[in-house]
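Remember, predicted model here, so these are calculated numbers, not experimental data.
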Amino acid sequence: MLGAHAAADGVRFAVWSGAAERIWLSLFDKKGMRETDRLEMRSDGDRIFSLSVAGLKAGQRYGLRADGAYAPERGLWFDPDKLLVDPYAIEIDGPYAYDARLGARRGEGGDTAPLVPKAFVASPPPPVRRKPLGLAPDGLIYELNVRAFTKLHPAIPEDIRGTVAALGHPAIIDHLLKLGVGAICAGAWPLVRSGQAAGRPLCHRDRRPLRL
């Protein structure tokens with residue numbers, strides 16, 4: 001996993017870079033003003049740099065530094081003096097603010113740590129327990145295409161035919177129940193979240209079936 005992940009014995013940091021040759025982890029004090037340590041991360045050979053630091057806990061402020069080719073004409077601006085915000089961070093300690101020193105050429109702008117927000121190591125989220133699907137023994141899961149299933153149905157109002165909302169129409173529900181269907185897996189788009197549409201559960205793009 002990329003980002004910072006706290007465990008009982010410390011924190012593991014990991015970041016991906018397609019061009020960096022070296023990456024360091026910069027640790028800061030509780031106010032985020034003083035860099036207390038700079039530790040080099042190790043590459044695993046697949047462009048992922050990682051490091052585990054014992055004794056660290058959630059709430060630790062940190063940033064990253066990277067080195068590699070400096071070739072602006074090719075879009076490469078590596079400079080270890082520039083503190084970087086972890087792109088996988090969940091929380092940072094302040095807003096971004098422009099300063100000309102952030103765009104200075106390599107070796108000319110000095111350490112930018114005072115200008116850049118620091119990332120926090122987040123507390124691990126509580127475990128999520130998934131509820132069982134709850135199908136009856138030998139219950140059927142019906143996989144369907146939303147548009148094709150409802151587009152020409154004569155009992156569905158024309159303004160919702162071919163849409164997700166049509167799956168909640170009583171005519172559709174009654175038909176599925178008569179077939180003995182206990183859950184549907186409906187082809188949906190990313191803008192449709194798992195949950196209720198017209199009062200009936202659908203499934204997400206991950207194809208996880210949900211009970212009628």
Side-chain angles (χ1 to χ4, degrees), residues 1-68 75-99 101-104 109-133 188-196 201-208 210:
M1 294 187 294
L2 300 176
H5 298 275
D9 56 349
V11 178
R12 181 181 183 273
F13 300 86
V15 64
W16 180 91
S17 174
E21 297 172 5
R22 303 174 70 186
I23 294 182
W24 293 268
L25 170 70
S26 287
L27 301 176
F28 290 86
D29 62 13
K30 292 183 178 180
K31 294 183 178 181
M33 301 301 295
R34 183 174 63 87
E35 185 175 8
T36 59
D37 210 347
R38 189 179 301 187
L39 307 170
E40 185 163 4
M41 304 175 76
R42 293 180 291 274
S43 173
D44 66 357
D46 197 26
R47 308 308 305 168
I48 294 177
F49 294 79
S50 63
L51 179 67
S52 294
V53 184
L56 294 187
K57 298 179 179 179
Q60 171 69 51
R61 284 178 164 87
Y62 72 98
L64 302 171
R65 299 178 188 271
D67 199 5
L76 300 174
W77 296 78
F78 286 103
D79 182 354
D81 285 341
K82 303 291 193 300
L83 185 73
L84 307 174
V85 176
D86 182 359
Y88 307 99
I90 297 175
E91 182 181 2
I92 58 177
D93 66 359
Y96 292 94
Y98 175 75
D99 189 291
R101 288 172 288 176
L102 295 172
D111 187 0
T112 63
L115 312 174
V116 178
K118 315 305 184 294
F120 284 111
V121 174
S123 300
V128 176
R129 183 179 180 183
R130 285 193 173 187
K131 295 182 179 179
L133 188 57
W189 298 270
L191 55 81
V192 179
R193 296 178 297 173
S194 297
Q196 299 286 336
L202 303 175
C203 75
H204 191 259
R205 62 187 300 196
D206 63 5
R207 318 301 290 174
R208 181 172 178 261
L210 296 181

Spacing of [atom1] belonging to [X] relative to [atom2] belonging to [Y], to within rounding of 0.5 Å:
| X | Y | atom1 | atom2 | answer |
| --- | --- | --- | --- | --- |
| Leu39 | Ser52 | CG | OG | 11.5 Å |
| Asp44 | Trp16 | CG | CH2 | 12.0 Å |
| Leu25 | Ser50 | CG | OG | 11.0 Å |

For a quick test of reading the model, state the closest non-hydrogen atom pair linking [X] to [Y] and the distance between them.
| X | Y | result |
| --- | --- | --- |
| Ser123 | Ala58 | OG-CB, 3.4 Å |
| Arg65 | Ala113 | NH2-CB, 3.8 Å |
| Leu76 | Ala19 | CD2-CB, 4.1 Å |
| Ala122 | Ala6 | O-CB, 4.0 Å |
| Pro80 | Asp67 | CG-CG, 3.6 Å |

Do [X] and [Y] come within less than 4.5 Å of each other through their side chains, counting heavy atoms only?
| X | Y | value |
| --- | --- | --- |
| Arg42 | Leu51 | yes |
| Leu27 | Leu56 | yes |
| Leu64 | Leu83 | no |
| Asp29 | Thr36 | yes |
| Met41 | Trp24 | no |
| Leu102 | Leu115 | yes |
| Val11 | Gln60 | no |
| Asp111 | Glu35 | yes |

task: Kindly state each residue pair satisfying salt bridge (charged side-chain N to carboxylate O under 4.0 Å, His left out) with at least one member in residues 77-91, sequence neighbours excluded.
output: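 Every salt bridge (charged side-chain N to carboxylate O under 4.0 Å, His left out) pair that includes a residue of residues 77-91, provided the two are not neighbours, is Asp79-Lys82.
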Under 3.5 Å: donor-acceptor pair, side chain of Arg12, backbone of Ala7: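 A pair under 3.5 Å: no.
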Lys118 side chain vs Arg61 backbone, donor-acceptor pair below 3.5 Å: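 It does not hold such a pair.
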- request: Please collect all ring pair (Phe, Tyr, Trp, His ring centres under 6.0 Å) contacts where either partner lies in residues 38-65, sequence neighbours excluded, each pair once.
  value: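 Sorted pair list: Phe13-Tyr62.
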